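Note that the coordinates shown come from a computational prediction; the quantities given were computed from them, not determined experimentally. For the single chain, residues carry numbers from 1 onward in sequence order.
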Amino acid sequence: MYRKNALAAGVAAALALGSVTVVATQSTAAPQPAAAAGTSAARPGAGFKAMSADVRGEAIRAAGRNAAAAARALGLGSEERLVAKDVLIDADGSRHVRYDRTYRGLSVIGGDLVVHLAEDGTITGSDLAHQGAIKVAGTTPKLTAADASAKAVRHARHVKKAKADSKDSALVVYAVGKIPVLAYRSTVTGEGETGPASRQAVIVDATSGAPLDQYELHQNVTGTGNGVTVGQVSLETTQTGSGYTLTDPAHGGTIVYDSYNSPQSNPRQNARAFSKATNSWGNGTSSSRESAAVDASYGLAKTWDYYKNSFNRSGIRNDGRGARAYVHVDNSLVNAFYDDNCFCMYFGDGSSQNGNTPVTAVDVAGHEMSHGVTAATANLTYSGESGGLNEATSDIFGTMVEFSANNAGDPGDYYIGEKLNMSGGSLRRMDNPAADGRSLSCWNSSAGSVDVHLSSGIGNHFFYLAAEGTGAKTIGGRSHNGTTCNNDTFTGIGKDKAAAVWYRALSTYMTSTTNYAGARTATLQAAADLYGANSQERYLLSKAWAAVSVGTALPDPGTGTPTPSPTTPIPSPTTPPGGNALANGSFEQGTSGWAQSDSIITNSSLQTARDGSWYAWMMGYGAAAVESLSQSNIAVPSAGTPQLTFWLKVSTQESGSTAYDTLKINVNGTTLAAYSNADAGSGYVQKTVDLSAYKGQTVKLDFAGTEDTYLSTIFLLDQIAIG
């Protein structure tokens with residue numbers, strides 16, 4: 001969520017990043033002046049200036065020098081430290097500084113944040129993966145690293161023959177939920193969904209050993225067949241004293257190795273660089289080991305070029321450094337993956353199911369390299385909805401690389417891995433993700449519970465509709481059909497504009513815990529930055545989000561009125577027999593119908609719903625905070641004795657009967673009931689509020705939470721009804 005901070009000018013000035021001079025370099029996509037509100041002037045490069053490595057390095061060092069001031073301005077705790085990760089500078093001189101967070105020297109999972117500053121150093125906003133200060137009871141765990149490893153093995157899902165070494169179990173603070181906890185992050189290996197050498201991060205509570213999260217460390221493309229022939233292409237190579245190597249000096253020294261079928265568990269075990277006396281590589285078939293290397297080298301170069309020409313980004317980490325790539329990994333491996341720990345990409349050979357075609361398609365190379373870009377920017381957690389966004393980001397930019405490469409043998413389209421000889425024709429389809437019978441085309445309340453390669457369909461579908469609009473088209477010689485989840489019809493803004501918005505949102509506003517609702521907020525903010533708050537581009541993006549069941553469309557800038565929804569809302573599964581004047585009272589449709597000041601409506605497993613899987617989680621920061629959850633235009637019944645009913649669970653770290661932290665129920669601004677930490681109990685309790693004074697009226701209902709500066713109280717709400 002994009003949050004504005006009202007900070008004193010003196011504090012804001014302290015956060016200026018020093019006298020960094022931005023050196024512009026020639027680019028085919030040089031940033032243009034900002035579009036005025038209501039205009040749609042394109043701003044290629046996602047609005048960022050180009051920076052040399054020296055300038056970027058100094059900008060990051062300056063951000064590091066100002067990290068303590070930034071932490072104070074954001075109200076972080078005395079035990080927290082910020083570590084500067086990256087700096088982006090807009091064409092108008094404003095800056096976006098991305099920090100990671102530590103607590104007493106421990107890494108904080110979900111602690112990343114972005115600080116936004118004007119050219120003069122004034123803070124204009126911030127985006128935090130975890131709102132408020134980090135506090136845990138202590139940093140001495142009850143479990144040992146060996147205990148944590150054993151627990152991680154026990155909790156690892158979909159992994160056979162799982163094992164973990166205690167030296168790979170690190171103590172961390174897990175702050176993905178509202179209440180940070182001391183935890184261990186362990187690496188579990190075994191036979192998993194990504195192959196015989198799966199590597200998964202399993203996070204367990206350092207006190208109880210309860211599982212908190214799990215995700216693949218290999219972010220990958222999976223399928224039953226892979227491979228592409230790019231035809232006759234030019235390659236950048238390096239000449240040595242005795243010949244040539246597949247080292248690309250024009251793209252940061254990217255180098256391609258032959259893994260020589262080293263096992264997936266150690267893919268560099270037998271690896272050696274490709275080298276030969278002549279500068280001619282491969283024969284266009286898998287009978288030559290060089291052919292796969294040609295595909296990989298070409299695809300990675302085209303990916304580098306796309307990011308450079310489109311966004312002024314120099315390589316994965318924007319530091320001009322190329323990554324290593326390994327082809328011919330393992331035997332019969334129908335997979336490719338990126339590993340940020342070694343800054344490497346790996347490509348398998350396929351299997352007999354697809355004629356042993358190597359997994360080196362152009363969009364696959366773009367997909368894997370884009371995982372690295374995500375790791376270097378938002379670092380979207382590879383589980384839940386953020387994991388789906390992570391995969392969608394790689395599909396989006398892998399597709400854009402394919403369009404940009406403009407290879408005659410592989411024209412651009414919105415099919416993922418269509419050249420891999422898949423039994424179903426492709427890995428995924430962005431225009432119709434559900435065509436594979438598994439992927440999600442529309443957001444629903446279970447989106448955070450399915451495999452990230454399936455929930456990515458929501459983001460893919462949004463991007464296709466944003467770029468191309470609705471209706472049937474032939475693109476790259478393939479049939480596409482932009483159907484929607486709400487039967488809406490609209491035009492797209494074009495793939496280049498849609499990609500510019502996504503890149504700016506990823507690099508400037510998204511954090512590790514961003515979900516689909518947060519991605520909508522981030523992209524709409526990015527569109528306002530690039531094209532104007534009242535632009536047609538921003539409006540059409542909101543239409544595309546609504547078309548995949550994420551939020552509603554913005555008012556049409558041409559008429560100033562919201563566009564009507566063409567579908568009938570789905571009734572809540574817990575609607576009372578007498579009817580419910582509220583929309584989505586049990587939250588099973590996510591945020592639909594509700595306005596929230598923060599990410600209050602959730603299906604997080606850290607707490608439980610009374611019914612279904614979604615609920616409202618208010619407060620619980622352990623620091624001064626306010627929150628609001630509201631719904632407007634509610635028609636209170638005119639007959640009988642209308643009542644507001646809801647289920648409330650209160651848990652607290654406070655003691656005694658003094659009301660330190662409160663939840664007030666307001667109707668049209670009048671407080672009708674209030675609850676506090678003194679109402680804490682072991683479970684949900686049904687509450688009733690008389691609405692007789694509002695019979696026949698249209699009202700606004702607001703749940704307003706307030707927390708003091710010390711100790712936390714959590715208010716959980718579910719099954720809210722007015723009838």
Using side-chain heavy atoms (C-beta onward) and a distance below 4.5 Å, is [X] in contact with [Y]?
X: Met400; Y: Ser310; answer: no
X: Asp86; Y: Arg56; answer: yes
X: Val108; Y: Asp100; answer: no
X: Leu76; Y: Arg101; answer: yes
X: His155; Y: Val204; answer: yes
X: Asn379; Y: Thr374; answer: no
X: Val181; Y: Val173; answer: no
X: Ile714; Y: Thr652; answer: no

Quick one: pull up [atom1] in [X] and [atom2] in [Y] and give me the separation to the nearest 0.5 Å.
X: Ser383; Y: Asn390; atom1: OG; atom2: CG; result: 10.0 Å
X: Ile123; Y: Leu74; atom1: CD1; atom2: CG; result: 6.0 Å
X: Thr140; Y: Arg104; atom1: OG1; atom2: CZ; result: 8.5 Å
X: Tyr184; Y: Leu171; atom1: OH; atom2: CG; result: 5.0 Å
X: Lys163; Y: Thr189; atom1: NZ; atom2: OG1; result: 5.0 Å

Can you list the residues that meet the ring-ring contact (aromatic ring centres under 6.0 Å, His included) rule with [X], with sequence neighbours excluded?
X: Tyr174; value: none
X: Tyr326; value: Tyr257, Tyr346
X: Trp545; value: Phe462

Take Thr139 and Leu106 through the side chain to side chain contact (heavy atoms under 4.5 Å, CB included) test and state the conclusion after the steps. CA-CA 9 Å; Thr139 55; Leu106 300 178; 4.0 Å; yes
Mind jotting down which residue pairs meet the salt bridge (Lys or Arg N to Asp or Glu O under 4.0 Å) criterion with at least one end in residues 369-379? Sequence neighbours excluded, please. none
Can the ring centres of Phe347 and Phe337 be said to be less than 6.0 Å apart? no
For the side chain of [X] and the backbone of [Y], is there at least one donor-acceptor N/O pair under 3.5 Å apart?
X: Thr523; Y: Arg520; result: yes
X: Arg317; Y: Ser314; result: no
X: Asp205; Y: Ser208; result: yes
X: Ser394; Y: Glu391; result: no
X: Glu80; Y: Ile134; result: yes
X: Glu627; Y: Ser597; result: no
X: Lys142; Y: Ala206; result: no
X: Gln200; Y: Ala156; result: no

Between [X] and [Y], is any side-chain donor less than 3.5 angstrom from a side-chain acceptor?
X: Thr513; Y: Ser386; answer: no
X: Asp112; Y: Ser512; answer: yes
X: Tyr307; Y: Ser370; answer: yes
X: Tyr338; Y: Asp340; answer: yes

So among His116, Arg504, Arg95, which one has a side chain to side chain donor-acceptor pair (under 3.5 Å) with Asp90? Arg504
Looking at Thr706, Asp708, Asp661, which hits side chain to side chain donor-acceptor pair (under 3.5 Å) with Thr713? Asp661
Listed by chain and number, what are the side chain to side chain donor-acceptor pair (under 3.5 Å) partners of [X], not counting sequence neighbours?
X: Arg313; result: Tyr503
X: His251; result: Asp248, Asp305
X: Arg98; result: none

With Glu119, which residues qualify under salt bridge (charged side-chain N to carboxylate O under 4.0 Å, His left out), at least two apart? none
Applying side chain to side chain contact (heavy atoms under 4.5 Å, CB included) to Leu117 and Ser94, what does each step give before you reach the verdict? CA-CA 6 Å; Leu117 305 100; Ser94 57; over 6 Å; no
Got a sec, which residues hit side chain to side chain contact (heavy atoms under 4.5 Å, CB included) with [X], two or more places apart in sequence or on another chain?
X: Ala323; answer: Ile316, Phe343, Met345
X: Asp147; answer: Leu143, Thr144
X: Asn515; answer: Glu385, Ala517
X: Ala152; answer: Ser186, Val188, Val202

So His371 and His367, would you call those rings parallel, tilted or perpendicular, with 30° and 60° as cut-offs?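 The rings of His371 and His367 stand perpendicular, inter-plane angle above 60°.
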Check the orientation of Phe463 and Trp502. Use parallel for under 30°, tilted for 30 to 60°, and perpendicular for over 60°.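 Taking Trp502 first and then Phe463, their aromatic rings stand perpendicular (interplane angle over 60°).
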Nearest heavy-atom neighbours spanning Arg268 and Cys342: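 Answer, listing the atom of Arg268 first, then Cys342: NH2-CB, 3.7 Å.
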Worked check of side chain to side chain contact (heavy atoms under 4.5 Å, CB included) between Val136 and Tyr103: CA-CA 9 Å; Val136 295; Tyr103 178 82; 3.3 Å; yes
